[in-house]
K.L.:
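Before I ask anything, let me first share the structure, which is written out below as structure tokens.
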2 protein chains.
Amino acid sequence: LLELRDVIKAYRFGGGEFRALKGVSLAVHEGEYVALMGPSGSGKSTLMNVLGLLDRPTEGNYFLRGRDVASLDERERAEARNSYIGFVFQAFNLLPRLDVLENVELPLVYAGAPAARRRKRAVELLELVGLGDKLHSLPSQLSGGQKQRAAIARALTMAPALLLADEPTGNLDTATGDEILDLVGELHAAGSTIMVVTHEPDVAERAERTVVVRDGVIASDERRA
Amino acid sequence: LLELRDVIKAYRFGGGEFRALKGVSLAVHEGEYVALMGPSGSGKSTLMNVLGLLDRPTEGNYFLRGRDVASLDERERAEARNSYIGFVFQAFNLLPRLDVLENVELPLVYAGAPAARRRKRAVELLELVGLGDKLHSLPSQLSGGQKQRAAIARALTMAPALLLADEPTGNLDTATGDEILDLVGELHAAGSTIMVVTHEPDVAERAERTVVVRDGVIASDERRA
Ligand SMILES: Nc1ncnc2c1ncn2[C@@H]1O[C@H](COP(=O)(O)OP(=O)(O)OP(=O)(O)O)[C@@H](O)[C@H]1O
Ligand SMILES: Nc1ncnc2c1ncn2[C@@H]1O[C@H](COP(=O)(O)OP(=O)(O)OP(=O)(O)O)[C@@H](O)[C@H]1O
Ligand SMILES: [Mg+2]
Ligand SMILES: [Mg+2]
């Protein structure tokens, strides 16, 4: 489904350049469930942003469904992001002036889904993540873990073929986190490809493959026996 | 050191009222190390905000060092917050236009510390949390866990008598998280009172007492044998 070849991501600022990714090569097949781990600051979110078409490699290539993303124009990139990629951000990125329901409906709005169907789907997901009583709350009225769950519900609305989740249970107690991971497991069972950044071994256990990043490179890549 | 008596915290909005704390009573002695756990949305951050003088109870009383905080004026509240309370926010709350070093120096600036001493102390803490190479980065240039560590360093600059940390290791890998908890342990050994909100049993293990919050009330309060 996706392949990174010798990807470098450098940030330029002030007097110099900082390389967050220093030559990453990675291939993920359709339907795989991959956990991405590694120390704080090692490049995991940067890698996820490249995979999710939110950022471009400085050098190297990213092939998504066989096409080099460098050849896609802005409209094609946006279409890919909206139609088959679901992204859960480490900092949630909910829109502050929309209520929870409107935030979660957003991907369906972009997809042109009819209002009644869109609402039904969004409400269904919000109930699955335990936010059925917060539909009309604003993000500022939510706890940290509630914002995280709203971000997860938003990413799941389109049942995306590729789910990229950046530390989706970091602000959740174990029981709530398990419920979320069960939902991710159902999406996986339906055929989706899953990549989850996590610091917790229990969360990584649910994946069939663990990739460890360290200082901008892939340090290990192991499949579960 | 601190005592909550029948504290209620209600948020009013739209058509009604939501009670995040529904009658909480809690006493913490000087030098105690308390872990605060409970499901997402149960009221932990709300409780921490009341303890840290960032929010006021709707009903009930909060006695800090024997004084009812309702009797303190705004200047006295600010002084207490700046002089002996260190707060690590669940969402970090770094100031976006200040670099990491300036962010961490802020409590020392409020305390009127001389510039050279303030810089030395801030740099020392940033090196202890592994951000020695990020002194002049802006928060937007940091990873999630790096922002978290900057927020921790800022809370520790004044070696506060009361440290309130809201999920301080949620975005950190185990090794980095352990280093941070070791620093907290040193502050505790020096006599400070520590309250840490956490979802992780390993983190709670370091405390001598665990308080569990559920749906706005204290469900259990146990001391380690
Ligand atoms: N400004 C507000 N207006 C309305 N409700 C609020 C507001 N702030 C918080 N709440 C509600 O209060 C409850 C408790 O929130 P709090 O942030 O204390 O939870 P928490 O235990 O810290 O959760 P988490 O583990 O997810 O961080 C939640 O249901 C939340 O939606
Ligand atoms: N805009 C930027 N400018 C400069 N450096 C940046 C920028 N964005 C990220 N970095 C740096 O790139 C490195 C990797 O960041 P990234 O967010 O990918 O780490 P991470 O593995 O997700 O960490 P964490 O586990 O703490 O979330 C960090 O050292 C960070 O400071
Ligand atoms: Mg990250
Ligand atoms: Mg909270």
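Protein chains get the first letters and strands the later ones, always in sequence-line order, with residue 1 at the start of each. No hydrogens, no waters, no symmetry mates; every other heavy atom, side chains included, goes into these values.
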K.L.:
Should we count CG of B:Asp182 as having more than 12 external heavy atoms under 6.0 Å?
P.N.:
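Yes, CG of B:Asp182 has more than 12 neighbouring heavy atoms, counting only those of other groups under 6.0 Å.
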
K.L.:
Under 4.5 Å heavy-atom distance to chain B, tell me which part of A:Gln141 shows up: side chain, backbone, both or neither.
P.N.:
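Just the side chain, heavy atoms under 4.5 Å.
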
K.L.:
Where on A:Phe92 is there a heavy atom nearer than 4.5 Å to chain B: the side chain, the backbone, both, or neither?
P.N.:
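For A:Phe92, neither part sits under 4.5 Å from chain B.
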
K.L.:
Side chains of A:Asn171 and B:Gln90: does their closest heavy-atom pair fall under 4.5 Å?
P.N.:
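Sidechains of B:Gln90 and A:Asn171: in contact.
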
K.L.:
Select one option (side chain, backbone, both, neither) describing which atoms of A:Lys134 are under 4.5 Å from chain B's heavy atoms.
P.N.:
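Contact with chain B is through the side chain of A:Lys134 alone.
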
K.L.:
Roughly how far, to the nearest 0.5 Å, is the OG1 atom of B:Thr174 from the CD atom of A:Glu200?
P.N.:
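It comes to 8.0 Å.
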
K.L.:
With a 6.0 Å cut-off (strictly less than), is the heavy-atom count around CG of B:Asn93, excluding the residue itself, greater than 12?
P.N.:
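Yes, enclosed.
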
K.L.:
Taking B:Gly38, B:Ser40, B:Gly145, B:Gly144 one by one, which has the highest count of heavy-atom pairs under 4.5 Å against chain A?
P.N.:
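The residue among B:Gly38, B:Ser40, B:Gly145, B:Gly144 with the greatest pair count is B:Ser40.
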
K.L.:
Measuring from atom CZ of B:Arg214 to atom CG of A:Asp173, what distance do you get when rounded to the nearest 0.5 angstrom?
P.N.:
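Nearest 0.5 Å value for the CZ-CG distance: 9.0 Å.
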
K.L.:
Between OG1 of A:Thr176 and NE2 of B:His199, what distance do you get to the nearest 0.5 Å?
P.N.:
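Between A:Thr176 OG1 and B:His199 NE2, I get 7.5 Å after rounding to 0.5 Å.
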
K.L.:
Pick one of side chain, backbone, both or neither for A:Glu167, based on which atoms fall under 4.5 Å of a heavy atom in chain B.
P.N.:
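Contact with chain B: side chain only.
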
